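Structure first, then comments.
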Protein chains: 2
Amino acid sequence: MYARTLGTVGDSRSQSRSHGASGERPESTSRAERKERTRQRLLDVTLHLVNERSLSAISLREVAREAGIVPTAFYRHFASMDELGVALVDESMRPLRQMIRDARRGRAAHSDIIVDTVAVLAKQVRGHSDQFSFLTRERFGGVAAVRRAIATDLRLFTSDLTVDLARLTAGYDWSTDDLEMAADLMVTSMLGTVMDLLEVDERHPEDTAAILDLAERQLRLIVLGMGAWRSKP
Amino acid sequence: MYARTLGTVGDSRSQSRSHGASGERPESTSRAERKERTRQRLLDVTLHLVNERSLSAISLREVAREAGIVPTAFYRHFASMDELGVALVDESMRPLRQMIRDARRGRAAHSDIIVDTVAVLAKQVRGHSDQFSFLTRERFGGVAAVRRAIATDLRLFTSDLTVDLARLTAGYDWSTDDLEMAADLMVTSMLGTVMDLLEVDERHPEDTAAILDLAERQLRLIVLGMGAWRSKP
DNA sequence: GTTTTCAGTGCACGTTTGTACACTCACTAG
DNA sequence: CTAGTGAGTGTACAAACGTGCACTGAAAAC
């Protein structure tokens, strides 16, 4: 058994060379660059693996194997899989933050905010399904540290939206608390949309349109509710 | 190692006796009863274990050990942990279904449906936190079979609510599609409430009230939106 | 009373896991 | 040019895992 391991040492090394995540440059790499490259490969590989199994069901050895390094080398980058998970939250939140920025940019141009927002959401989910899948899956999934990291970032997201809503409802006298309530409902609703999108994209991509229509109508319903809020407090 | 296992067999058996799920009757048990008892113990034990780790991170051996049987005896009840997971979905959906019934019953008596509904929800979550925790955790968590089972039951839940909404909005001419949309938003919102409740109950039970208040306001916002829906289709 | 059934036992196996330890050797700093 | 650093290697091990197989013994069926 271990003799076999010895026999495949050559394989292991050549795999390590050929497994380059993105660069594929065999030269012109400083030591720090190469380390960062490997770290990124660990993150990428885990993101792919987590698409079909939860993070807590993925082994350190599997990640290392897939990244083309020996298990013990993993520790040069992360103290544990949990720590990698937390790092992966940061990594995965980037497209989500980008999404907000995109949504704000396109706002002034068109008339219908809701249609734009949902379209941006759909595009981001399609383009970064691995990240969204990871976030929605681990949000209430396995490791406590990861769950907390996601919850924190998501709260920031909601309070960002609250600020936006405050700007839009400047005329009416909404309390911050009520605005937060509405923002929270919107985020919850759109997170539901994300989950639906992720589940449907795998088999029948044709009813993506139905999901997006549902999302738009739900957001519209909320906005209508906000319009009627003051009249019946 | 195996000598040690042999040494603790006595413990294991006595544990098996003291671990009784509900009955605690050492006598007057038919074979079928005893089997059912053990099956239930496997389900209960897994439900407890799944409170801190996702289902896919729990081993068959661990469940068997905790239930006081030898690992191979597990197969007398379930072919795999996945199958047990699916059975656990059914088991966990029961209090949820009970919840609907309770909500319907209390409806005629009081005036405010929303306050009643949220109160019933809170009570059920408090009383059956293990089940709710399992459902919300595994809804997008690990095993595909379990995920599908939950999704199916949840769809039934939503369409039940749609029927209720149809009765309440008998006067207005809502389309079934729009009613379903509103019902879906309500379910999504209340599922978010459940998740919040589960996360908070662990540490500071004092701000449960704040969560329930949020839930009530969000439902009220949706209802207000429904009232305004026709005016701006 | 004899036979059949079957939930639960005990042992064994091959795999995979996380991690400790000593190492190599290309790059970096001096 | 030399010394040191540190990312990655190779070996080892104890523990846990899922599962196959032959078994026991009390309850069920006859």
Side-chain angles (χ1 to χ4, degrees), chain A residues 1-20 25-42 49 53 55-84 143, chain B residues 1-17 19-20 26-42 49 53 55-84 143:
Chain A
M1 175 194 177
Y2 281 115
R4 183 142 56 87
T5 302
L6 197 83
T8 54
V9 164
D11 281 355
S12 172
R13 293 209 83 203
S14 68
Q15 223 180 24
S16 159
R17 288 284 151 85
S18 69
H19 234 295
R25 296 257 160 62
E27 53 205 57
S28 84
T29 50
S30 77
R31 184 128 84 167
E33 276 179 278
R34 305 231 305 167
K35 173 165 187 182
E36 179 54 33
R37 207 84 65 88
T38 304
R39 194 188 122 103
Q40 195 58 49
R41 223 180 319 136
L42 287 171
L49 285 175
R53 309 203 296 293
L55 186 69
S56 52
I58 294 170
S59 72
L60 182 154
R61 281 182 110 105
E62 199 175 356
V63 172
R65 198 184 310 131
E66 214 78 6
I69 61 173
V70 103
T72 48
F74 178 96
Y75 295 107
R76 299 283 177 195
H77 304 275
F78 304 101
S80 63
M81 280 295 291
D82 289 14
E83 200 178 293
L84 183 150
V143 194
Chain B
M1 177 193 175
Y2 282 115
R4 184 142 55 85
T5 301
L6 197 82
T8 53
V9 163
D11 281 356
S12 172
R13 294 210 83 201
S14 69
Q15 223 178 24
S16 158
R17 290 285 151 86
H19 236 294
E27 53 205 59
S28 83
T29 51
S30 76
R31 181 129 86 168
E33 275 179 277
R34 306 229 308 166
K35 174 165 185 181
E36 180 53 33
R37 207 85 65 87
T38 304
R39 195 190 121 101
Q40 196 57 51
R41 223 181 316 137
L42 286 170
L49 285 174
R53 311 203 296 293
L55 186 69
S56 52
I58 294 170
S59 71
L60 182 154
R61 282 181 109 103
E62 198 175 357
V63 172
R65 198 184 310 130
E66 214 76 7
I69 60 174
V70 105
T72 47
F74 178 96
Y75 296 107
R76 298 285 178 194
H77 305 274
F78 303 101
S80 64
M81 280 295 292
D82 289 14
E83 201 179 291
L84 183 149
V143 194

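Sequence lines set the chain letters: A, B, ... in the order given, protein chains first and strands last, and positions in each chain run from 1. Note that this is a predicted model, so its numbers are computed, not measured.
- With rounding to whole Å, B:Glu33 atom CD is found 18 Å from D:dA26 atom P.
- For the residue pair A:Leu42 and A:Ala64, the shortest heavy atom distance occurs at CD2-CA, 4.4 Å.
- For B:Arg37 and C:dG8, the CZ to P distance is 11 Å, given to the nearest whole Å.
- Set against D:dG8, C:dG8, D:dG18, the side chain of A:Thr38 has D:dG8 as its closest nucleotide.
- In this structure, A:Leu60 places its CG atom 5 Å from P of C:dG18, rounding to the nearest Å.
- Checked against D:dG8, C:dT19, C:dA12, the side chain of A:Ala73 finds its nearest nucleotide in D:dG8.
- Checked against side chain to side chain contact (heavy atoms under 4.5 Å, CB included), A:Ala57 has the following partners two or more places apart in sequence or in another chain: A:Arg53, A:Ser54, B:Ser56.
- Taking side-chain N and O atoms only, B:Ser59 has a distance below 4.0 Å to OP1 or OP2 of D:dC17.
- How far OG of B:Ser30 is from CZ of B:Arg37: 9.0 Å, rounded to the nearest 0.5 Å.
- A search for salt bridge (Lys or Arg N to Asp or Glu O under 4.0 Å) contacts involving B:Arg39 returns nothing, not counting sequence neighbours.
- In terms of position along DNA chain C, the nucleotide closest to B:Lys35 lies nearer the 5' end than the nucleotide closest to the other residue of the pair B:Lys35 and A:Tyr75.
- Summarising the geometry, the separation between NE2 on A:His77 and P on C:dG18 is reported as 16 Å, rounded to the nearest angstrom.
- Rounding to the nearest 0.5 Å places CD of A:Gln40 at 13.5 Å from CD of A:Glu33.
- For A:Arg61 and D:dT9, the CZ to C1' distance is 13 Å, given to the nearest whole Å.
- Residue contacts shown for A:Ser80 are absent, as no nucleic acid heavy atom lies under 4.0 Å away.
- The side chain of B:Arg65 contributes an N or O atom lying less than 4.0 Å from OP1 or OP2 of D:dC17.
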Please set out all donor-acceptor pairs under 3.5 angstrom arising from side-chain atoms of residues 75-82 of chain A, sequence neighbours excluded.
| unit_1 | atom_1 | unit_2 | atom_2 | d |
| --- | --- | --- | --- | --- |
| A:Ser80 | OG | A:Asp82 | N | 3.4 |
| A:Ser80 | OG | A:Glu83 | N | 3.3 |

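- Two residues, B:Ala32 and B:Glu62, neighbour DNA chain D, and the one matched to the more 5' nucleotide by heavy-atom proximity is B:Glu62.
- Rounding to whole angstrom units, CZ of residue B:Phe74 and P of C:dG8 are separated by 12 Å.
- Rounding to the nearest 0.5 Å places CZ of B:Arg31 at 10.0 Å from NZ of B:Lys35.
- Distance B:Ile58 CD1 to D:dC17 P: 11 Å, rounded to the nearest Å.
- Closest to the side chain of A:Ser30, from the set D:dT19, C:dG10, C:dT28, is C:dT28.
- Taking atom CZ of residue B:Arg41 and atom C1' of nucleotide C:dG8, one finds them 11 Å apart after rounding to whole Å.
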For nucleotides 21-26 of chain C, tabulate all protein N/O to nucleotide N/O atom pairs closer than 3.5 Å, reporting atom names and distance.
none

